[in-house]
Protein chains: 2
Amino acid sequence: MSITSDLIRGHTDTIILASLINGDSYAYRINRGIYDATSGRYELKEATLYTAFKRLEESGCICSYWGDEETGARRRYYSITNRGRETYKKLINEWSEAKELIERLVIRDTADNG
Amino acid sequence: MSITSDLIRGHTDTIILASLINGDSYAYRINRGIYDATSGRYELKEATLYTAFKRLEESGCICSYWGDEETGARRRYYSITNRGRETYKKLINEWSEAKELIERLVIRDTADNG
DNA sequence: TGAAATACCTTGACAGACGAGGTATAATGT
DNA sequence: ACATTATACCTCGTCTGTCAAGGTATTTCA
């Protein structure tokens, strides 16, 4: 893990919702997906992961059910709700704006910048 | 203020250091600069602002001195140190990487994403 | 005279991230 | 046979950054 978590902070929910947009999945697998998508450069800590799912379920963005695997460890599957999809869109827009603002703020080489 | 602070969280120090790269300034003016640079869409809360300056000074990234204004409110000026400049470069690189990773993670529309 | 702007600061609370610990099952290696 | 690793879930307590709310003091302007 090379990236400071504070930089990703605030995006955890968005990342999880993004993972669920294309279908139900379970926490452990989603985190593996994050790991893979970033070529191993980022993944959520387990404590962060499960508290995020709890938070998202409490706010009605996702709902969960136990998988019916006959073998292997039990899995709690999550499904994104309509509210979750709306929240996702909102979060994406916020990220888009935040990205521009940060870009503008962290690289300022004009003479008059306060 | 339309942007959730959590999205900017972790960038506060970078933003402040960026402001000081081009010359000494004081907290209130720097925050005004942030406000202007974002067309009023973002600014730091005062508590956040002064805590950040304290943190940066304690870590040796900036140092401070009182201005010699004969009139008006007293001003504490800040100057970026060599360590501060190095830290800034490091933070910029981290932001660059984080930006790519987040982009990759929040927009995932492939079939297999965990 | 009194409000607003400038400019500084602290305290306490809150939320998210995470280290450290726990449970249980299955697969793999020796 | 036995140990280790991987899968998969979870909680508790701590830490850190943000912020609401409060404060001080000066200057400007109506």
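Throughout, protein chains are lettered first and strands after them, A, B, ... in sequence-line order, and every chain is numbered starting at 1. Atoms considered below: every heavy atom in the structure, side chains included; atoms not considered: hydrogens, waters and symmetry mates.
OP1 or OP2 of D:dT7 has at least one side-chain nitrogen or oxygen of A:Tyr28 nearer than 4.0 Å. Phosphate proximity of D:dT18 to B:Arg55: present, with a side-chain N or O under 4.0 Å from OP1 or OP2. Contact check, B:Tyr50 against C:dC8: a side-chain N or O comes under 4.0 Å of OP1 or OP2.
Taking atom NZ on B:Lys54 and atom P on C:dC9, their separation rounds to 9 Å, with Å as the unit. Rounded to whole Å, atom P of D:dT11 lies 14 Å from atom CZ of A:Phe53. In this entry the distance linking CH2 of B:Trp66 with C1' of C:dC9 reads 9 Å, nearest Å. Atom CD1 of B:Ile8 is separated from atom P of C:dG16 by 17 Å (rounded to the nearest Å).
With B:Asp13 as the fixed residue, the salt bridge (Lys or Arg N to Asp or Glu O under 4.0 Å) test singles out one of B:Lys54, B:Arg55, B:Lys90: B:Arg55.
Shown here is A:Arg83, whose CZ atom has no more than 12 heavy atoms of other residues, nucleotides or ligands within 6.0 Å. Annotation: A:Tyr77, atom OH; neighbour count of heavy atoms from other residues, nucleotides and ligands within 6.0 Å is above 12.
Note on B:Ala27: only backbone sugar-phosphate atoms sit closer than 4.0 angstrom, heavy atoms only; bases stay farther off. Among the protein residues, B:Arg9 comes within range of the nucleic acid bases, having at least one heavy atom under 4.0 Å from a base atom.
Distance from the side chain of B:Arg75 is smallest for C:dA7 among the nucleotides C:dC9, C:dA7, D:dA20.
The aromatic rings of A:His11 and A:Trp95 sit perpendicular to each other, their planes meeting at more than 60°, with 30° as the lower class boundary.
Along DNA chain D, the nucleotide closest to B:Thr51 and the one closest to A:Arg74 are compared, and the more 5′ of them pairs with A:Arg74. If A:Gly10 and B:Tyr77 are placed on DNA chain C by their nearest nucleotide, the residue sitting closer to the 5' end is B:Tyr77.
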